[in-house]
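The analysis underlying the following values was restricted to heavy atoms, covering all of them including side chains, and did not include hydrogens, waters or symmetry mates. To find a chain, count down the sequence lines: A is the first, B the second, and so on, and within it residues start at 1.
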Amino acid sequence: MLTLKQITDDKQAVIAGLEKKHFAGATEAIEAVLQYSEERKAAQQKKDAASAEMNKIAKSIGQLMAQGKKDEAEEAKKHTGTLKQDIATYEKEMAEAEKKQTDTLLTIPNVPYSVVPEGKTAEDNRAVKTGGFALPEDAQAKMNGFDCEGIALGGWDEKWNPQPAEARLPHWDLAKQYNLIDFDLGVKISGAGFPVYVGQGARLQRALINFFLAEAAKAGYTEIMPPTVVNQDSGYGTGQLPDKEGQMYHCNTDDLYLIPTAEVPVTNIYRDVIIEESKLPVKMCAYTQCFRREAGSYGKDVRGLNRLHEFSKIEIVRIDTPEHSDASHREMLSHVEGLLQKLELPYRILRLCGGDMSFTAALCYDFEVYSEAQKRWLEVSSTSNFDTYQANRLHCRYRRQEDKKTALCHTLNGSALALPRIVAALLENNQTESGIRIPKALQPYFGSEMIVK
RNA sequence: GGAAAGAUGGCGGAGUGGUCGAUCGCGGCGGUCUUGAAAACCGUUGACCUGAGAGGGUCCGGGGGUUCGAAUCCCUCUCUUUCCGCCA
């Protein structure tokens with residue numbers, strides 16, 4: 001959540017930011033917070049004064065008793081009755097005002113950075129870069145009307161004969177043909193959205209996980225293997241609770257949640273922690289299964305691997321100083337971009353507009369890969385800077401070197417990468433007459449250079 | 001699942017109703033000494049709210065209660081450890 005200081009420092013800037021995010025009632029919400037804050041301060045000042053008086057009397061009674069002056073002590077006690085009641089009243093006022101203030105703050109989203117484009121929906125997101133490889137027909141066809149400058153053709157050895165465009169299949173057909181993924185079996189065991197990976201399909205999963213983890217390790221991220229169920233405090237810490245309660249699977253008996261992303265357990269490592277500035281940036285990566293209920297999604301957008309209830313993802317998380325977080329963010333972007341280049345996939349990077357960004361983000365870039373058989377861009381990574389918004393909830397602070405004071409950290413995270421849509425694009429974009437080609441960088445992890453029937 | 005013990009500052013560990021935000025040790029930081037380092041010695045060392053400042057307030061796992069006054073007494077919740085049982 002936003003800090004009170006952010007609001008008092010520059011109220012108008014905060015309101016303008018919230019309007020860019022298309023948050024209705026920004027002015028009213030901010031004014032309400034400020035009013036509750038004043039109420040709380042007033043109540044606290046009254047309460048502090050009464051408490052100070054009470055402490056003084058209590059101390060003097062102690063001294064009088066020690067000196068054996070029982071009568072004077074009894075006399076002093078008489079004054080404490082009303083004082084005690086006053087303190088209780090003021091404390092109640094204070095707690096009520098504080099609760100209203102926090103409750104209101106929790107409903108207010110993060111303020112976007114100035115570089116975030118205006119706009120309301122995904123239509124308004126701005127493509128900032130395009131790159132990678134595509135098959136000839138698709139690159140020339142200007143994928144989905146977007147400018148594809150930067151996307152190169154092929155990049156394949158001569159020994160491969162790409163399937164002609166009209167013969168290319170969507171991944172759900174390929175998964176069946178090559179016996180890689182059994183969606184029906186998943187329905188039997190668990191339900192829709194829980195695919196069963198088989199044989200080379202399972203091996204491809206493992207290869208990608210290892211590849212992504214190895215690349216993250218090379219980039220200096222410490223590998224974490226966290227729990228995949230978390231308690232309520234963790235859910236609140238990273239902001240999934242209370243607003244997105246319905247998105248997570250909940251284990252009733254034990255009141256635990258299945259994680260929707262490794263961001264939750266990994267970022268919560270630093271909940272209620274004060275980090276020495278010299279230790280920043282903290283760089284962590286984690287592979288976990290992710291669980292999403294995703295209620296209310298239907299149609300061809302969710303076919304095959306496009307949207308699942310359970311999937312594998314490698315997440316990178318950084319905790320940094322306010323001064324360096326932007327540089328950190330750029331490093332994360334180039335890390336993710338590097339992965340897509342090594343996988344030889346056509347991709348584009350979008351800077352999300354104010355209205356399409358998540359509740360908690362201050363700046364967010366999406367990575368999308370072009371799926372040649374589906375003729376669609378698929379989101380495979382979302383890389384965000386949360387500024388102090390998450391850290392404020394997490395109470396994640398650092399001790400500044402220069403003055404030894406504590407200040408809120410910035411938190412960042414990004415997928416690097418989520419598997420299912422990468423698998424979809426890899427299968428669809430690498431169809432050849434003799435099988436499905438595996439990009440060079442992935443071959444050592446997969447153990448061979450193609451998927452065969 | 002059964003039984004017992006416990007939860008105090010970065011860590012260890014005192015403190016059982018009255019200047020206790022808390023003795024002490026370690027660690028950290030500053031200094032003396034040293035060519036440098038170590039050792040030794042001296043000093044310093046929690047977080048949060050409020051206030052221009054002086055100051056005031058809150059915090060000894062969480063919540064509630066008793067009392068003029070609670071780290072200390074009572075209730076309750078959570079967690080941890082040990083032993084037994086079960087299991088990978």
* **5' precedence on RNA chain B between A/Thr80 and A/Gln63 (nearest-nucleotide basis)** =>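 That would be A/Gln63.
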* Asked: Taking for each residue the nucleotide of RNA chain B bearing the nearest heavy atom, is the 5' side occupied by A/Ala52 or by A/Arg40?
  ->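 Going by which nucleotide is closer to the 5' end, it is A/Arg40.
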Please name the nucleotide paired to [N] by Watson-Crick or G-U wobble geometry with both distances under 3.5 Å, or report none.
N	value
B/G21	none
B/G69	none
B/A54	none
B/G1	B/C84
B/U32	B/A40
B/G6	B/C79

Does [N] have its OP1 or OP2 closer than 4.0 Å to a side-chain nitrogen or oxygen of [X]?
X	N	result
A/Arg397	B/C48	yes
A/Asn55	B/G56	no
A/Arg399	B/G10	no
A/Lys47	B/U58	no

Any side-chain donor near an acceptor of the partner, [X] and [Y], under 3.5 Å:
X	Y	result
A/Gln374	A/Asn306	yes
A/Gln35	A/Glu31	no
A/Asp366	A/Ser382	yes

* Within 45° of the six-membered ring axis of A/Phe446 and under 6.0 Å from that ring's centre, is NZ or CZ of A/Arg203 located there? -> yes
Taking the side chain of [X] as heavy atoms from C-beta outward, which of [options] is closest to it?
X	options	result
A/Lys41	B/G56, B/U58, B/G51	B/G51
A/Thr406	B/C48, B/G69, B/G57	B/C48
A/Gln44	B/C48, B/U58, B/U50	B/U50
A/Gln45	B/U58, B/U50, B/C68	B/U50

For nucleotides [N] and [M], find the distance between their [atom1] atoms and express it as a whole number of Å.
N	M	atom1	answer
B/C48	B/A38	C1'	39 Å
B/A22	B/U76	P	32 Å
B/C79	B/G30	P	42 Å
B/U67	B/G13	C1'	30 Å
B/U32	B/A47	C1'	32 Å

* Asked: Just checking A/Ala76: base, sugar-phosphate only, or nothing, at a heavy-atom cut-off of under 4.0 Å?
  -> nothing
* Asked: Contact class for A/Ile61 vs. all strands (heavy atom < 4.0 Å): base, sugar-phosphate, or nothing?
  -> base
* Geometric class of the A/Tyr249/A/His309 ring pair [parallel <30°, tilted 30-60°, perpendicular >60°] -> perpendicular
